[in-house]
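Source: prediction; values computed, not measured.
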Amino acid sequence: MPDGQYLDPEIETADLARVRELQDARLGKQLDYLFARSPFYQEKFEAAGIRREHLRSLADLVRVPFTTKEELRESQAASPPLGRHMAAEMAAVIRIHASTGTTGQPSLVGVTRRDAEIWTRVTARSFYTQGIRPTDIVMHGASLTLFAGGLPVKDALEHLGATFVPVGTGASEKLVMIARTLGANALHCTPSYAAYLADHVRREARMDPRELGFKKIVCGAEPGAGIPAVRARLEQAWGARVTEGLGNADMIPIIFAECPNQSGMHYNGQEYVYIEIIEPESGEVLPIESGVSGELVYTSLERECVPLVRFRTRDRVNILGTSCRCGRTGFKLRCVGRTDDMLILLGVNVFPSAVKDVVSSFSPRTTGEMQILLDEPGPGVRPPLKVVAEFGEPGADLAVLRREVESKIRAVLSVSSAVELVPPGTLPRFEMKGRLVRKLYEG
Ligand SMILES: [Zn+2]
């Protein structure tokens, strides 16, 4: 039973040169496999004039064109069930998941037994990094469906020896009842649900959420728990430490996770996924150092069913550090949103999560709930940015509050805004991922 500071100390605290060596060796094997078994990459490499001998180490990867989600969709549509990027026999596949946030045909992802073991290993390492231990009782306030934040989380939490309680969403009353009976001390869910549940507990159970006794809240699937003012609000409401994780259904469900120092999510899957950060427009590879902002790109180092090379995630991240008091050597980042979420006002880039941070920072004068209204498709937005936010306290001087929020948005984000304040409870609450933007043009 693990009880130290790390689940896999050898890799989590490994010297970076040693990690690189290990990754180079694993990339070689993965490429041999791809050249032999993946019709998708055989064609892609051929089209780019790349032969196996051209790719001798990680440094050569820059020659390989990126793989996009659109390509995977087309590959799957043209060659069912899992696409031409499937490199294993269907008989070897033990489970299917799907990536979320899509309309229409879901994008399916298969895992072999070996892939599943790796998912479990890295995801467990991530939860352990977040402070989950075998003695913890974890309420799972998310679904156990095709969603990669469901069953793989069950596997990981059971693997590390914690007690997993699959309540799901849409069952808040039951969750509260069972958590009390069990004396559960941890909650896994989206940050939207952690906020929703706190409201529910106050309103329906007429309890202070702190009385439930959650000490560890582990979040994922959307930015939120890493937005400073949102995190502060959740921690205040629950009396718990809130940390977040980040992964990708096409790669591994949780690859980055925050340690209790809460200073960004550590890169946690060194032996299985190689990371690049790129400038999204030019595709230029950026150095991994504090202050760098770009798009996350993943390359599988050991994957049987659907290995991917230079897969563009569309996740926009900021690098926060390359060392930590916890001793982990994996660099740290924060995800500010999807590249597609970004808005541009007179040349200034704005992520909705950053607006949420400003609005939440006025808590308790605001509830923290807000939505950006878009009259026409982005990313270009004609100023001012329209923001609807809930005020928190009745009787407050709303004209003053509105001006203060607008001026802080201008000071922090360098854009002008028009804030409309509405009563608490007006905006929709979400039990899975929240929606920070309302597209008026979609009706
Ligand atoms: Zn750390």
Side-chain angles (χ1 to χ4, degrees), residues 8 10-38 40-69 71-72 85 87 118 122 246-248 250-252 255-256 264-304 306-323 328-333 339:
D8 300 305
E10 205 172 312
I11 190 75
E12 290 177 67
T13 61
D15 177 71
L16 293 186
R18 164 83 192 101
V19 171
R20 183 96 182 175
E21 206 175 292
L22 180 80
Q23 292 178 329
D24 264 327
R26 284 177 171 247
L27 177 71
K29 279 194 191 161
Q30 182 80 89
L31 288 169
D32 288 341
Y33 181 85
L34 279 165
F35 272 87
R37 307 194 57 140
S38 169
F40 176 87
Y41 281 105
Q42 285 163 354
E43 281 162 29
K44 200 170 172 73
F45 290 140
E46 172 141 17
I50 295 169
R51 294 198 302 274
R52 176 67 186 89
E53 60 268 29
H54 292 145
L55 304 175
R56 282 162 311 178
S57 72
L58 294 165
D60 297 326
L61 271 183
V62 67
R63 301 178 60 147
V64 179
F66 295 113
T67 298
T68 64
K69 188 70 193 173
E71 283 178 291
L72 299 186
H85 53 292
I118 291 169
V122 176
L246 169 74
N248 187 291
D250 285 294
M251 197 53 57
I252 294 179
I255 304 170
F256 291 88
M265 294 180 267
H266 283 285
Y267 170 33
N268 247 341
Q270 289 91 329
E271 327 93 292
Y272 305 112
V273 184
Y274 175 67
I275 307 291
E276 291 170 286
I277 308 289
I278 62 162
E279 204 290 305
E281 291 294 316
S282 66
E284 181 202 347
V285 178
L286 302 172
I288 294 186
E289 55 192 37
S290 297
V292 167
S293 174
E295 180 182 339
L296 256 182
V297 172
Y298 290 137
T299 294
S300 316
L301 295 175
E302 185 179 343
R303 185 71 181 263
E304 289 179 341
V306 280
L308 302 177
V309 181
R310 305 197 86 200
F311 174 60
R312 291 188 64 153
T313 61
R314 304 259 161 216
D315 283 329
R316 181 66 178 255
V317 298
N318 296 335
I319 307 292
L320 298 188
T322 48
S323 65
R328 289 182 177 80
T329 50
F331 68 91
K332 295 182 286 190
L333 57 70
T339 311

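When all heavy atoms of Gly269 and Val122 are compared, the closest pair comes out as CA-CG1, 4.0 Å. The shortest heavy-atom contact between Pro65 and Ile50 is CD-CD1, 4.1 Å. Nearest heavy atoms, Thr339 versus Pro280: CG2-CB, 4.3 Å.
Annotation: side chain of Gln23 is in contact with side chain of Gln270 (closest heavy-atom distance under 4.5 Å). Residues Leu31 and Arg52 form a side-chain contact, since some pair of their non-hydrogen atoms from C-beta on lies under 4.5 Å apart. Side-chain contact between Tyr274 and Arg20: present, with at least one pair of heavy atoms (C-beta onward) separated by less than 4.5 Å. Counting only heavy atoms from C-beta outward, the side chains of Thr329 and Tyr267 never approach each other to under 4.5 Å. Looking at heavy atoms from C-beta onward, Leu22 lies in side-chain contact with Ile11 at the 4.5 angstrom threshold. Inter-residue side-chain proximity for Leu246 and Leu333 is flagged as met; some heavy-atom pair is nearer than 4.5 Å. Between Val297 and Thr313 there is no side-chain heavy-atom pair separated by less than 4.5 Å. Between Lys69 and Arg314 there is no side-chain heavy-atom pair separated by less than 4.5 Å.
The main-chain N or O of Ile319 is never found under 3.5 Å from a side-chain atom of Lys332 such that the two would form a donor-acceptor pair. Without hydrogens or angle criteria, Arg37 side chain to Ala87 main chain gives a donor-acceptor distance under 3.5 Å. Proximity of a side-chain donor or acceptor of Asn318 to a complementary backbone N or O of Ser293 within less than 3.5 Å is not detected. Proximity of a side-chain donor or acceptor of Thr67 to a complementary backbone N or O of Val309 within less than 3.5 Å is detected. Between the side chain of Gln30 and the backbone N or O of Arg303 there is at least one donor-acceptor pair closer than 3.5 Å. Proximity of a side-chain donor or acceptor of Tyr272 to a complementary backbone N or O of Ile252 within less than 3.5 Å is not detected. Without hydrogens or angle criteria, Arg310 side chain to Val64 main chain gives a donor-acceptor distance under 3.5 Å. The backbone N or O of Glu289 sits nowhere less than 3.5 Å from a side-chain atom of Thr322 that would complete a donor-acceptor pair. A distance-only check finds no donor-acceptor pair linking the side chain of Glu295 to the backbone of Val317 [under 3.5 Å]. A distance-only check finds a donor-acceptor pair linking the side chain of Arg26 to the backbone of Glu271 [under 3.5 Å].
Atom CZ of residue Phe331 and atom CD1 of residue Ile288 lie 4.0 Å apart, to the nearest 0.5 angstrom. Asp8 contributes atom CG, which lies 10.0 Å from atom CZ of Arg328 (distance to the nearest 0.5 angstrom). Taken to the nearest 0.5 Å, the CG atom of Leu58 stands 4.0 Å off from the CG atom of Asp24. To the nearest 0.5 Å, the span separating CD on Gln42 from CG on Leu34 amounts to 9.0 Å.
The number of heavy-atom neighbours closer than 6.0 Å to CD of Glu53, taken from other residues, nucleotides and ligands shown, is above 12.
Taking the six-membered ring where the residue is Trp, Phe40 and His85 present perpendicular rings, their angle passing 60° and hence far from 30°.
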Please lay out, stage by stage, how Phe66 and Ile278 fare under the test side chain to side chain contact (heavy atoms under 4.5 Å, CB included). CA-CA 11 Å; Phe66 295 113; Ile278 62 162; 3.7 Å; yes

Do Ile275 and Phe256 pass the side chain to side chain contact (heavy atoms under 4.5 Å, CB included) test, and can you show the C-alpha distance, the side-chain angles, and the key distance before you say yes or no? CA-CA 11 Å; Ile275 307 291; Phe256 291 88; 3.7 Å; yes

So Leu72 and Leu308, side chain to side chain contact (heavy atoms under 4.5 Å, CB included) or not? Walk me through it. CA-CA 10 Å; Leu72 299 186; Leu308 302 177; 3.8 Å; yes

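Ring centers of Tyr298 and Phe311: at least 6.0 Å apart, outside the cut-off.
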